[in-house]
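The block underneath contains the structure these notes are about, expressed in structure tokens.
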Amino acid sequence: MTHPPSDGNRRKIQRIGVIGGGQLAWMMGPAALRLGLELVVQTPSAEDPAVAIAQSAVLAPVADVAGTEALANQCDVITFENEFIDCEGLQALAQRGVMFRPKLEVLALVLDKRHQRELFDRLGLPNPRYAVLEGPESEAELYQRAEGVGLPLVMKTRRLGYDGYGTVVVKTAEDLVAAWDGFRRAPVLLEEFVPFTKELAIMVARSASGKVTLYPTVETVQVNHTCRRVIAPVAVSGAVADTMANLGRTLVNALDLVGIIGIECFLTEDGRVLVNEIAPRTHNSGHYSLDACATSQFEQQLRAVSDQPLGSSRLTCAQAVMVNLLGLEESEASHQQRIARLKQRPHATLYWYNKGLRPGRKLGHITQRLEAGDDPIAAAEELEALWYGPA
Ligand code: ADP
């Protein structure tokens with residue numbers, strides 16, 4: 001167990017261990033420099049983006065407990081850019097006094113979508129109707145649980161799903177078994193298909209002393225279950241914005257979170273907000289904050305876990321759009337041509353993660369700052385045309 005800080009008598013937190021070395025850790029680099037912090041990452045490959053910006057790296061898979069022990073030996077605190085860790089294996093380190101922020105209990109809770117849903121239910125936070133399967137159930141039980149949820153439904157792998165990998169829409173009862181077979185009958189969540197009008201997300205940071213900072217609620221747009229664009233802030237009623245803020249506060253306080261969390265929700269036609277999922281780290285829906293907020297989500301995470309005061313999360317422009325740049329079925333030269341095109345875009349900043357090209361992989365993103373009255377959808381479509389359109 002980690003304990004709340006007894007302010008004043010703990011040594012200064014200077015070296016931050018980060019489990020994961022992808023783009024989320026990479027984007028912590030400039031903030032770490034500004035805050036006078038050093039980053040050490042645990043990641044499998046020396047080619048992973050964050051190795052280039054870290055003081056040093058432990059080259060080990062994120063779930064490798066011996067790797068995390070080596071990380072802990074070099075750092076004052078350990079935080080996360082990737083939650084797919086071995087929580088049980090790490091308990092011994094926590095018991096030895098290694099400080100994990102957020103604590104391992106939070107990570108354990110989000111690793112299984114079932115536990116996330118049970119948390120939302122316990123806290124009285126509306127979420128889509130669901131049923132769970134553990135794996136050994138019969139087909140008759142599968143049909144029975146699906147009946148309770150209704151069709152169409154969304155079948156989701158409970159562990160290790162991301163970017164829509166592990167999410168399948170099932171339209172008819174005949175497709176249920178094939179879908180479950182597609183998951184090799186692993187533990188899954190069956191969830192009502194929500195005909196949402198918008199998908200919303202919010203980043204919320206919390207310090208060890210319990211101070212909470214909320215970012216604006218944004219709209220996320222997914223293509224094939226993967227985030228394509230983010231519009232900040234979302235145009236919703238004050239009541240919906242208040243609901244997002246309230247559920248953000250409720251969640252971070254209930255989790256006793258130290259760090260930052262991303263919360264994804266569905267907005268229904270009748271104005272209800274249903275929580276879809278949470279991620280106890282920086283999040284794709286918060287990338288816009290690098291260019292459009294007084295304190296980016298990456299700096300905020302580092303501030304929270306190193307006991308530096310949280311910064312302001314206010315927007316520094318009227319609005320902003322962020323577009324994800326996913327790998328295309330095209331040559332490297334074609335990708336380069338598109339990068340060059342995006343670099344010409346005024347009021348926009350391109351982030352290229354330097355990862356190997358693979359169709360569908362998140363390779364970078366671009367954020368454009370907008371003025372009041374600008375049309376964010378038109379701006380996003382123009383950015384998307386520059387990347388996804390004809391060469
Ligand atoms: P992941 O963990 O892979 O990000 P999500 O649960 O966030 O998976 O699902 C990815 C996307 O699939 C969502 O952003 C949404 O567009 C769509 N989706 C997921 N669940 C539902 C649902 N119950 N109803 C309608 N669409 C859904």
Side-chain angles (χ1 to χ4, degrees), residues 24 79-83 101-103 105-128 130 154 156 161-164 167 189 191 194 196-207 210-222 225-227 230-234 236-237 239-268 271-289 293 295-298 300-301 304 310 313 315 322:
L24 300 179
T79 191
F80 306 89
E81 75 114 55
N82 183 318
E83 60 271 32
R101 284 180 162 179
K103 59 190 172 185
E105 287 81 346
V106 172
L107 277 287
L109 206 145
V110 298
L111 265 168
D112 186 328
K113 286 188 198 282
R114 173 187 188 158
H115 298 146
Q116 290 201 25
R117 292 320 194 77
E118 289 170 351
L119 171 74
F120 305 155
D121 290 341
R122 273 201 304 282
L123 297 175
L125 303 177
N127 62 92
Y130 70 96
V154 185
K156 297 180 177 180
Y162 73 102
D163 286 352
T167 298
L189 198 70
E191 191 176 288
V194 180
F196 53 79
T197 52
K198 280 189 169 84
E199 288 193 74
L200 309 177
I202 187 169
M203 300 302 306
V204 187
R206 185 173 177 276
S207 70
K211 185 171 184 317
V212 175
T213 301
L214 297 145
Y215 282 81
T217 294
V218 300
E219 176 173 5
T220 68
V221 177
Q222 300 2 271
H225 304 301
T226 304
C227 179
V230 171
I231 296 172
V234 62
V236 284
S237 68
V240 169
D242 288 350
T243 302
M244 290 296 288
N246 287 338
L247 71 85
R249 278 182 202 286
T250 302
L251 275 165
V252 294
N253 287 330
L255 293 170
D256 188 23
L257 186 90
V258 181
I260 194 160
I261 193 169
I263 307 170
E264 296 176 61
C265 301
F266 302 121
L267 178 63
T268 64
R272 286 176 307 135
V273 173
L274 305 178
V275 189
N276 173 23
E277 65 171 356
I278 57 178
R281 49 165 169 76
T282 56
H283 193 256
N284 199 170
S285 66
H287 288 0
Y288 75 93
S289 64
C293 292
T295 309
S296 77
Q297 60 168 349
F298 303 100
Q300 205 72 288
Q301 178 179 12
L310 297 184
S313 54
L315 281 168
M322 189 278 322

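Note that the structure is predicted; figures quoted are calculated from it, not measured.
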Atom pair NZ/CZ of Lys156 and Arg114 - distance to nearest 0.5 Å
16.0 Å

Among all residues two or more places apart in sequence or in another chain, which pass the side-chain hydrogen bond (donor to acceptor under 3.5 Å, both in side chains) test with Asp242?
none

Measuring from atom CG of Leu251 to atom CG of Leu119, what distance do you get when rounded to the nearest 0.5 angstrom?
6.0 Å

Inter-residue atom distance Ile263.CD1 - Asn276.CG, 0.5 Å rounding
11.5 Å

Side chains of Arg281 and Asn82: any donor to acceptor distance under 3.5 Å?
no

Between Asn284 and Met322, is there a side-chain heavy-atom distance shorter than 4.5 Å?
yes

Contact summary for Cys265 and Val273, nearest pair of heavy atoms:
CB-CG1, 3.8 Å

Determine, stepwise, if the pair Asn127 / Glu277 fulfils side-chain contact (heavy atoms from CB on, under 4.5 Å).
CA-CA 9 Å; Asn127 62 92; Glu277 65 171 356; over 6 Å; no

Could you give the distance from CG (Leu255) to CG (Leu107), rounded to the nearest 0.5 Å?
10.5 Å

Non-hydrogen atoms of Ala279 and Glu83 that approach each other most closely
CB-OE2, 4.4 Å

Phe266 and Phe196 aromatic ring geometry - parallel, tilted or perpendicular at 30°/60° bounds:
parallel

How about Arg117 and Leu189: do any of their side-chain heavy atoms sit closer than 4.5 Å?
yes

Tell me whether Glu191 contacts the main-chain N or O of Tyr130 through its side chain, where contact means a donor paired with an acceptor under 3.5 Å.
no

Keeping the roles fixed (side chain from Thr268, backbone from Arg272), state whether a donor-acceptor pair exists under 3.5 Å.
yes

Does Phe80 offer a backbone N or O that forms a donor-acceptor pair with the side chain of Gln301 under 3.5 Å?
yes

Using atom types as modelled and distance alone, determine if a side-chain donor or acceptor of Thr79 lies under 3.5 Å from a backbone N or O of Arg101.
yes

Considering all heavy atoms of both residues, which atom of Cys293 and which atom of Tyr215 are nearest to each other, and what is their separation?
SG-CD2, 3.9 Å

Shortest non-hydrogen separation from Ala304 to Arg206 and the atoms involved:
CB-O, 3.6 Å

With the side chain counted from C-beta on, respond yes when Val218 and Val234 share a heavy-atom pair under 4.5 Å apart, and no when they do not.
no

Here the pair of heavy atoms bringing Pro102 nearest to Pro280 is CG-O, 3.8 Å

I want to check something: taking the side chain as every heavy atom from C-beta on, are Tyr288 and Leu315 in contact at a cut-off of under 4.5 Å?
yes

Looking at CD1 of Ile260 and OG1 of Thr213, how far apart are the two atoms once the value is rounded to the nearest 0.5 Å?
8.5 Å

Nearest 0.5 Å, please: how far is NZ in Lys113 from CD1 in Ile278?
11.0 Å

A side-chain contact here means heavy atoms from C-beta on lying under 4.5 Å apart; do Met203 and Ser289 qualify?
no

Looking only at heavy atoms, the pair that brings Arg122 and Leu109 closest together is NH2-CD1, 4.4 Å

His283 vs Glu264 side-chain heavy atoms within contact, under 4.5 Å
yes

Quick one, Ile202 and Leu200 - any side-chain contact, counting heavy atoms below 4.5 Å?
no

Are any of the side-chain heavy atoms of Leu310 and Gln300 separated by less than 4.5 Å?
yes

Sidechain-backbone polar pair: Gln297 side chain, Thr282 backbone, donor-acceptor under 3.5 Å
no

